[in-house]
Each structure stands twice: as C-alpha cells, then as structure tokens.
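Notes follow the structure.
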Amino acid sequence: MRPFSSFAIFLAALVLAGCKREDVKVYHVPQNDSTAPPEQIAATDQSLATPPHLQWTLPDGWQEIAPSQMRVASFTVTNAAGQTADVGVIPLPATGQEIQLVNMWREQMQLPALPNATTAVAVAIGGDSAKLFDIASDAPIIDGKFRARILVAMLARGETSWFFKMTGEDSFVVSQKQNFLQFLKSVSFGENAPAQIAAAPAAPGESGPSIWTVPTGWQAVDPGAMLLAKFLISSGEAKADVNISSFANDGGGLLANVNRWRGQLGLPQVSDTDLPALATAVDSPGGKIQIVDLSGTDAKTGKPARLVGAVVPQDGQTWFYKLMGDEAVVARQKDAFIQFIQSANYANARNAR
Amino acid sequence: MLATHVKRLIKIFTSLRLTVILLAFAIVLVFIGTLAQVDEGLYNAQARYFRQWIIFGLDLFGHKIPLVLPGGYLIGTLLLLNLLAAHIYRFQLSAKKIGIQITHAGVILLLVGQLVTDMLARETQMRFVEGETKAYSESPRNYELVFTTEDGTNGEQVISIPDKLLARGGEIQNPNLPFTVRVKNYWKNSDTPQFRAPMMQNSPPLATNGVAVNFDFHPIAETKTMDDKNVPTAEIEIVSPSGSPSDWVVSDWTGDGAMIEALQQSYAQQLGADMTQKIIGDLTQPQFIFADGKQFTFGLRPERIYHPFSLTLLKATHTIYPGTDIPKDFRSRVRLQNPQSGENREVEISMNHPLRYAGLTFYQYQMTAGEAAQQAGVTPSSVLQVVRNPSWLTPYIGCALVAAGLVTQFMFHLVGFISKRKTK
C-alpha cells in the first residue's frame, strides 16, 4: 500500500490543478453592430391599414418604443432613480360603454366596479375636450410593495374612442401627471388621419370565399378591431348579436372564457369542476365544439339576457362564437347559430390573407 | 522520507504495468461513453466522461451505478507521464534504439497535441445573409446574457454573463453594472413563446416588464441530438442599489432571425399581416433599463467572439450536378476587411478549400442558396464554421514521427538480418 499513498498524493496535486471557472466578461465593441434586430422583421414597407397620423411633443424622460398590440404608439417614462411608467395610445371602436373600460381598469387596480363613470375631469387633447380618469389602487399591488395608478384620457372622435393611458407606480405617476397633461395638449391628429382603427384581419367573408353559411335574418355589420366577424339579429325591439373571434393556441382556455361570458351576464364565476355540467359537446365537420348556454342579466343594458357561446379549437387556433341578447331571440336562433358554426370552412379563413 | 516517495513514484511511472492498467481503463471509458451517448447526446457524454478527471457515478439507460472511475483527463495525463518517464529513464542514445525513441516521441506528441487541442480549440459559427457583414462569430452551444451600454467612445461596452453562471442561479454582480442581476430561473431549452391574447383572462405574466407582458414562455426538455438546438430562456430580476427590483424574461427566441421569420409566417397565415406585425414587433422589442444615468440594453443570445476583422458575404452559390439533386459545390465569396492591417480583399471559401486567416480556419459549413432559397422566399445565406486550433498540425507530425520511427527500427532489423544471412 505504500507506493499507493505516494501515488495518491501525486493525483491529488494533479486534480487541483485543473479547474476552469466561468467568469463575467467585459469588452468593448467598436461599431454599433450588436443586438441589431434581424433584418427580415423590419418590414416597414408592409404598411398597416393607414394608422392615423398622430403627432405629439414628448416631455423629458419620455421615450417612444415600438407599439404593442392594440396600440398605435407606446412610450416608456423613466426618471433618474430608475422608476418607470408605461404610456400607450389605444384607439377602440366607440361603443358608448366607456364605463365598461373604466371598470376594467378599476379591476386592474383591484378596486370595485362603478355604476357610472362620474369620476372624470375635463382635459384637453390637442384642441378637443376629453375626459380624464385617475384611478389609484388602495392595496400595494406592484410586487406587494407599491400602489399602482392609472391615468386615462378618453377622447371620442367619430366612430373611434381614443385612449391615452399611463400606468405605473403610484407616486411616480403622480409626479408625471403634469408631463402627461402637457403631452395630451401637444397631441394632434394629422389632417389625413382617417378616424379609423388599424384593422385586424378583414372579415374573411368580405374577401374571398366565405367561411360560413349565414342564416337568413342575420345582418353582417362592421366587426371592429377585435372581432373577425359580427352579425346583428333584430326582431322588432328585441336584438341579439353574434360575435366571432379567433386567437392563437387556446386563447385563454375554456374556463377563462366561460367565466368571462358569465361576467358579462352578471353571473358568478365557476371553477373547473363546475365546467362539465355547463358545457355540452357538439359534433361538427371541423371537430368537437364546446357549447355553453347561460342566462342572466346583461351587464351593459341591465336587461335579462341569454348567451350561447362556443369554443372551437382549430389547428393551433381557437375560434370563439358568441350569440348574446334578448332571451326570446336567442332561444329562436340557437339552432341556427349551431348550424352556422358547423358550416365553417376554416380553410377559407386561412386563404383570405 | 521524500526520497523514498520520489523513488517509488518513479518506479510506478516507468512501469509497463501502469500502461496496461491505464489502457484497460481507457477501453472501459470509451465503452461507457459510447453507451451514454445514446441517451445524453454526444456533447454531454463527452463532457461527463472524457472532460473530467474523476467520474463519480455513472448514469446509463436510466440506472445510476455508484462507481468511481478515472476520467479522460486523468487517463490521458497519466499515460503521457508514463510514456515520458519511461522514455527519459530508459533513454539510450544508440543507433539501434533510435527508431524506438522516434516512435515514442511521435506518440508523446500525439498525446500532448490532443491535450492542447482540448484545452485551446474552439469552434464557432458565422452565419450571414448575402450582403451582411459580421465581425464576430457565435458559439453553437453556449449562450450569454449581455448588457450593452454606450461607453463614451464610438462604440459600446458589453458585459457578458455566461450561461453557466446563469444556470447556477443566485445573484450576479459586476463593477461595471450599477445593479445586481438575480436569476430566478434558467431554462436550457424553451418552447415557442405564446402570445397572450388581449383582454383574455390568462394566468399572470411571468414578469411585469418587457416581452413577458405579451408572451408566455415555458421550459421544455433539453434536446440531445446534434441537429436541433436548445433555445434558452431565463427569468431575471434587476435590482437597483436603491433596492427596487424589476422583473424581466430574457430569451434567445427574441433575437434569432430564422426562428422569428418562421413565427412570422405562421402568424401571418392565421392572423393576417397587420396583427402579425404588431405581435412580432412586441416579441423583438429591445428590453432596456436606465441606471446610473445610462441605458443598458440587455438580452440572451449565443455567445459571441469578436474578431479584429470582418467578413462580408458577397455571394453564396450552391451548384448541383446538372439533371440531378446531388450537390456539387458549396461556395461562399466573402470580402475580408481588417482595419488594423489595411487588408481588403475577396476570398472564396468552398468545400475542401477553407480560408486560413489570423490563426483561424473558416470552413464552409451550411448554406441556403440557389433553388432552395428561392422556394422558401428567403435571401441566400451561408454559415461558416470558424475553428481555432493552434495544435492542428500535431496529429500530422505525430503520425509522421511514429511512421518514421517504425520504419527506421524495421530497416535496422532488416538490414541486420540480411547482413547476417550473407555472412553465413
């Protein structure tokens, strides 16, 4: 064993010699060729459907960044201490239901909903008069430490409502409020600005072969920015409408969407275990469709309403169909609605663009 | 006392028994490595069994075997020492033995050369689209989290945190960063980012800033094959000295041109051009923070090695034998520019004709050009393999020495034998 001990000592020395550590490297790069976005994405020649020609004057500390979904402009606001806030300009179809959005923002701030939008102050956007909502959370909802605040200015211009929204930590947003108001005053909608929103894909039925067989009595109307297609069914005073949209992957999932619809009818939320009782599966050439049939009170109009909703997974996308409105109308149209969904030829949807 | 140890060591190291034992272990190691490669992939098996000094425990086909074995480095080093010791100890400068000495020298050179190759060799890749100029190459397997900021001169300062540090998690600090980076999660491979549909009640976002607000990322199993690549993603927190943290997600998905182009095509089919542009814009939007009065842009990307020269891809040509699908030639015409030496010339790199420059060898590795590029609707592109291997000549010289030594020794015996026969 003696020779072995010598050997062992020798080995130990050897092993210690060979350890490589990973370290942080710092170096200098001469030209500005780092983190250049891939050239293929630039695609600025693919112009959007004429976004309005907005102009503005940016206050100090505000920087424009690439606009995210639904927005025509985005800014980030920072100060020397590293606090940040986010500002966005969002045009949406004028629905006359701004209270819905105000309550959505209140929900984001974890505040209860309001029956009507009374907490608005008049403010100037360009040369027009707009409403300003100032919503601050009570609880510390940012990382459990900071309160949040949303400042939203809303301007109705023809068919479009324009929202200028600033979100961030409470005290920082308060400190930026003057800048925000200055920014709003400096906004101008260029002369050529069509009062129109950057369109989502055009209703497939309008260009190329239609996707569905539309029942008689259904009137196609402008779907707006978030829907793919929309139909209005009216029987005298009683009305119902059919909304169709589609999102990538599962679009939030069946439960989330059923709860969203329940919320629109003023019904309490359900959990996963309640779902099988509510949803029925119906066959269709495209696959199985999950249908829910709900009755409640329309949160927007306060009248009793019925909603038949369908979730159709299709090839990496999920299509949502909603028939909602007067109870009698919906009851009469339910079968036609289901046949309408079953008539969908999704191959035509893909070819429309 | 020391003398006895040294004597014993010399005895061990010059013994033939040691050589046999080491060779036996080497056979076992190669066998184990071959089996392990099936599940773990080539690079992982190499790293686990060959680039180690000691192996603690084997993991084969799902079974853990508690064995301790010498690793590749240990066996190689000991064999080398064994050979050197025997060589020196038994060195006799005689004509008869000179062949054997040369052979030994050749084998020593081979072993040393392989050791140097393992320590110093580095392979990276340069991918260009026609017309693109690059002054750096990228590692095919290592990634880095970089923070870039302007440093006053005409250029940028890059602070790079290697992926191995990120994988360890915890806090990372550097005097050049006025904040601490806290790694919450590091996923070696992640799935295609999923767009968070607006106004849908999805689960809360992974982070409240940047790309994570609009996209969800999920980890998936590491890919072990040589054809696929891993796309890492990390959840990090940037903590400024005042203590307020901001959370972010960084991912290689947001910077890889080819993958983004594929995503773009898939979204365009489903959602149309307008929504696609907005979504892709979201995904590729640069993420940055302000600290200490400077803007730090950051992202996760393949590790870059910058070179003092640049290459521009002028033309990528892919020819096939006429009337067949069989490739005949892959050829890249590049322009080499070196501001320090003033060089500015055109060079052609093709299969079997690499470019050797600045201690590096540039091989034609992959290419998408000609009809394939036309059909896919992309600009022709080429990928060069950039190899740095200072000891690339040692196998040639080593083998030549071994051959020369054997021939010499053999000739001696042959000549001796023939002369003996003659005198009989």
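Predicted, not measured: the structure shown is a model, and the values here were computed from it.
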task: Side chain from CB out, backbone as N, CA, C, O: work out which of these in B/Ile172 comes under 4.5 Å of a heavy atom of chain A, or both, or neither.
output: side chain
message: At a 4.5 Å cut-off on heavy atoms, which part of B/Glu150 comes close to chain A: side chain, backbone, both, or neither?
response: neither
field: Region of B/Ile159 that comes under 4.5 Å of a non-hydrogen atom in chain A
entry: both
- prompt: Quick one: do the A/Asn259 and A/Arg262 side chains pair a donor with an acceptor below 3.5 Å?
  reply: no
- request: Just jot down the side-chain hydrogen bond (donor to acceptor under 3.5 Å, both in side chains) partners of B/Ser246, sequence neighbours excluded, or say none.
  value: B/Trp248
message: Report which part of B/Gln52 has an atom under 4.5 Å of a heavy atom belonging to chain A: side chain, backbone, both, or neither.
response: neither
query: For B/Glu237, is it the side chain, the backbone, both, or neither that has a heavy atom closer than 4.5 Å to a heavy atom of chain A?
result: neither
message: Check B/Arg301 with B/Asp252, please: is the shortest side-chain N to carboxylate O separation under 4.0 Å?
response: no
message: If I measure from the heavy atoms of chain A, does B/Pro245 come under 4.5 Å with its side chain, its backbone, both, or neither?
response: both
- prompt: For B/Ile21, what residues pass the side-chain contact (heavy atoms from CB on, under 4.5 Å) criterion, not counting sequence neighbours?
  reply: B/Arg17, B/Phe25
Minimum heavy-atom distance between B/Asn82 and B/Ser15, given as atom pair plus value: ND2-O, 3.2 Å
